[in-house]
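All figures in this text were calculated on a predicted structure; none of them were measured in a lab.
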Amino acid sequence: MIIKEYSDIRPLRLKWQQIYDSSPSILTPYASYDFVEPCIKKLGYLEKNRHLKAYVYFCSDEAKEIIIPLVKDKTKKILADLSSYTPTDYFEVISNSKDKKFIIDSLIEILHFNKGYSYQLAEINEKSLLYDIFYHGQKPSNVCVKINIPENNIYESIIDKHQRQNIRTAYNHIKRDNVKLSLQKYSVKDNFVIPHSVFNKCLYILFARRVSKRRNENWAKKLRIMFRTARMIVNRPLKDVFRNSDMAAIFVLSFNNKPIAFLMGGYNRDMSIFYVNVVSFSPAHNKYSPGIILIHHTVNRLIEEGVKIMDLTRGTEYYKYAMGGVEHYNYSFTLDYETLKQIL
């Protein structure tokens, strides 16, 4: 078996895309090069004591190939998945083979490369190839929620009755106040890249809402500090995703041409699932329920595109269930050399 370690993953770009496109698994956008590369940049911004370092491992055995992005914690002596440190809600290996022995052998070889380390894989979804290999009755580590589009494509049929009334009330408020409502989708695939100014407005909405939840006399100062920090840490790398990846998209809800809510995420390879990373709305517009209006509009737009699932990913917020969501689960696996040899 050949194994290579990369701290700079740019030389892997072409090979990564080839393996991603030929994978027998339905990979999420979190496993794509265009998503992982900016996330590794983000991790670089956050390195304080330099005890964390992201590496990507490439293993091959004849025609079988696998790519495994990991974060090495030199203090704890663990190899962790990216989801513990970056906005990736699920962790997957990128492989052109489902051969269990090949995948476990690759993980063992990486441990040979890192003596004394073990794996701490925290966000393995039940649809993942790693789940199929390592699940043996463990309890879920995280609850995720997804909206399965009904076969009749009538989204309202799966929304909670009380929430349907909330939606009608919100639309009545919008109509009464003569508010012009619009939903804009920005994506590279549609040749409509989000402008820097709009992206920054979305970022401001995100942090304004977080600060408003715990407002005190210093809330305005905190908001300015958080926003400046976000522009440095989050804006630069994540903007790369939404300006370069065919799989990424941002949906922005505007009232009178002013952005007041947004969600960002990405499609899987066959465009049948849309995964949501972030949802946020302006707390100043609660009267119009912008969050549920955003979800309602976006799901109906995805139905037009032929999408079958809108995955709201980790978290059990009430709105996810009220808008028709059902649970699925992530699992955590701690694996050392002996455990891997036993499974093999």
Tell me whether K4 forms a cation-pi arrangement with F58, defined as NZ or CZ under 6.0 Å from the six-membered ring centre and within 45 degrees of its axis.
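Because its charged atom misses either the 6.0 Å distance or the 45° angle limit, K4 does not stack over F58.
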Over-ring placement of K180 relative to F255, 6.0 Å and 45° cut-offs:
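No.
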By side chain to side chain donor-acceptor pair (under 3.5 Å), which residues pair with H285, not counting sequence neighbours?
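Testing H285 for side chain to side chain donor-acceptor pair (under 3.5 Å), a comparison that skips the adjacent residues, returns S282.
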Less than 4.5 Å apart, any side-chain heavy atom of [X] and any of [Y]?
X    : Y    : result
I158 : M323 : no
L253 : L263 : no
F251 : Q184 : no
I19  : I66  : no
I293 : Y288 : no
I147 : V326 : no
Q163 : I292 : yes
M264 : V276 : no

One thing to verify: whether [Y] and [X] come together as a salt bridge, which I'm taking to mean a side-chain N less than 4.0 angstrom from a carboxylate O.
X    : Y    : value
K185 : D190 : yes
D89  : R314 : yes
E156 : R168 : no
K15  : E65  : yes
K320 : E317 : yes
R13  : D34  : yes

So does [Y] get a backbone contact from the side chain of [X], meaning a donor-acceptor N/O pair under 3.5 Å?
X    : Y    : value
N268 : I273 : yes
S23  : S95  : yes
D61  : K64  : no
W16  : A31  : yes

Inter- and intrachain pairs under ring pair (Phe, Tyr, Trp, His ring centres under 6.0 Å), touching residues 325-344, at least two apart:
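Sorted pair list: H112-Y337, Y131-Y331, Y135-Y331.
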Taking only residues two or more places apart in sequence, or in another chain, which ones meet L14 in a side-chain contact (heavy atoms from CB on, under 4.5 Å)?
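Testing L14 for side-chain contact (heavy atoms from CB on, under 4.5 Å), a comparison that skips the adjacent residues, returns Q18.
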Around R176, counting heavy atoms of other residues, nucleotides and ligands shown, do more than 12 lie under 6.0 Å from its CZ?
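It does: R176 CZ has more than 12 such atoms within range.
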Could you list the residues that satisfy salt bridge (charged side-chain N to carboxylate O under 4.0 Å, His left out) with D105, not counting sequence neighbours?
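For D105 the salt bridge (charged side-chain N to carboxylate O under 4.0 Å, His left out) partners, ignoring immediate neighbours, are K101.
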List the residues meeting ring-ring contact (aromatic ring centres under 6.0 Å, His included) with Y267, not counting sequence neighbours, and say none if there are none.
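Expected list: F274.
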Among all residues two or more places apart in sequence or in another chain, which pass the ring-ring contact (aromatic ring centres under 6.0 Å, His included) test with F91?
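None.
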The test is salt bridge (Lys or Arg N to Asp or Glu O under 4.0 Å); show your working for K287 and D177 and say whether it passes.
CA-CA 11 Å; K287 171 184 176 181; D177 294 347; 2.9 Å; yes
Just one of T313, N330, T28, D311 clears the side chain to side chain donor-acceptor pair (under 3.5 Å) bar with Y90, so which one?
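Result for side chain to side chain donor-acceptor pair (under 3.5 Å) with Y90: D311.
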